[in-house]
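Computed over heavy atoms, backbone and side chain alike; hydrogens, waters and symmetry mates excluded.
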Amino acid sequence: MKYLDVFKLGIKDSKYFRSNFYFGFLTIPTYAILTYFLWRFGDFSNKSIGFTEQSIISYFIILQIFTLVFQPAMYVAYEMWDSINDGSIIVWMTKPINLMLSKFMEKFAAFIIRYLPCVLIIGVTVNLLFNVSIYNVLYGAVSGLLGFILLFLIQYLIGIQTFWFKNIISFRDFIFEFFGIIGGTVLPIDFFPNWIKIIAEFSPLPYIYYAPSKIISGAELNPTNLIFKQLIWIIILYAISNLLYSKGRNKVVQGG
């Protein structure tokens, strides 16, 4: 029940940021128009793999929605950095509770109340306007859920580095600079040279926004492959996070 209570608290707290969330949707039409002109006049059509004019516009609209919906996970690294530096994390360490799971339930609550209506709206829109299969929408919905978990784990993993390094915020910002290239947030990875695609293949970053956006846009021919890779990365990052938190916790306890 303790994790359910955290989940309920997360839903309650998310209400205070609801206006910012809805305000973010005002930028999406502008982004769609810019994407249209970029595609039309940027000569990308001959360089794409699986993308059409419709799917690329759909991809960027969906990407922007996921960016807004995933916002609760974006604060995890800072919150962990803050709690470790000010010592308040010791209070959590003395409780019979899994800190990572508790933090996840808090963020997941804020995420899910945004995600469910957005997935419904996205599904109806892309099906009617872009003739995207309902199966793509369902696969994409699952992929979006996994993408949020991945983002949370990466933020959490960066945050617990504070046990050893005092300023991890700059490191977090440095990591997320790569989102623009290998994360598929500036352009889908398909448009980049092969050597960038290879780097992306061995990174979890593309599986946060790029994977679900490409699946729902209808540009991905093998969605189960992307979902499988997301699951693998979740297992890897979860194991690493547990190991490092355990070592960091012992460091704090032994250090007094």
*Nearest non-hydrogen partners of P72 and A110, listed with the distance*: CG-CB, 3.7 Å
_Show the nearest heavy-atom pair for residues Y207 and Q230, with the distance to one decimal._
O-NE2, 2.7 Å
*asked:* Does L243, at its CG atom, have more than 12 non-hydrogen atoms belonging to other residues, nucleotides or ligands within less than 6.0 Å?
replied: yes
*asked:* Between L99 and I89, is the side chain to side chain contact (heavy atoms under 4.5 Å, CB included) condition met? List the steps.
replied: CA-CA 9 Å; L99 176 59; I89 195 171; 3.8 Å; yes
_Quick check for you: to the nearest 0.5 Å, what is the distance between I160 atom CD1 and L244 atom CG?_
5.0 Å
*asked:* Counting only heavy atoms from other residues, nucleotides and ligands, does the tally under 6.0 Å from OH of Y238 exceed 12?
replied: no
*Can you find a heavy atom in the side chain of Q64 that is under 4.5 Å from one in the side chain of L68?*
no
*Side-chain contact, heavy-atom cut-off 4.5 Å: Y156 with L151?*
no
*Any ion pair linking K197 and D190 (charged N to carboxylate O, less than 4.0 Å)?*
no
*Heavy-atom distance under 4.5 Å between the side chains of P204 and L237, does that happen here?*
yes
_Tell me if the centroids of the rings in F66 and Y209 come within less than 6.0 Å of each other._
no
*asked:* Within the structure provided, determine whether S203 and I199 are in side-chain contact (heavy-atom separation under 4.5 Å).
replied: no
*Are F70 and F111 near enough that their ring centres are under 6.0 Å apart?*
yes
*asked:* Within a 6.0 Å radius of atom OH on Y139, are there more than 12 heavy atoms belonging to other residues, nucleotides or ligands?
replied: no
*Which residues pass the side chain to side chain contact (heavy atoms under 4.5 Å, CB included) test with S246, sequence neighbours left out?*
N250
*Closest heavy-atom contact between I182 and I189?*
O-CD1, 3.4 Å
*List the steps, then state whether side chain to side chain contact (heavy atoms under 4.5 Å, CB included) holds for I122 with I61.*
CA-CA 9 Å; I122 290 172; I61 292 175; over 6 Å; no
*Got a second to check how far I113's CD1 is from L116's CG, nearest 0.5 Å?*
9.5 Å
*Of the non-hydrogen atoms in Y115 and G144, which two are nearest, and what is the gap between them?*
OH-CA, 3.3 Å
*Check whether any side-chain N or O of E220 sits under 3.5 Å from a backbone N or O of K214 as a donor-acceptor pair, and report yes or no.*
no
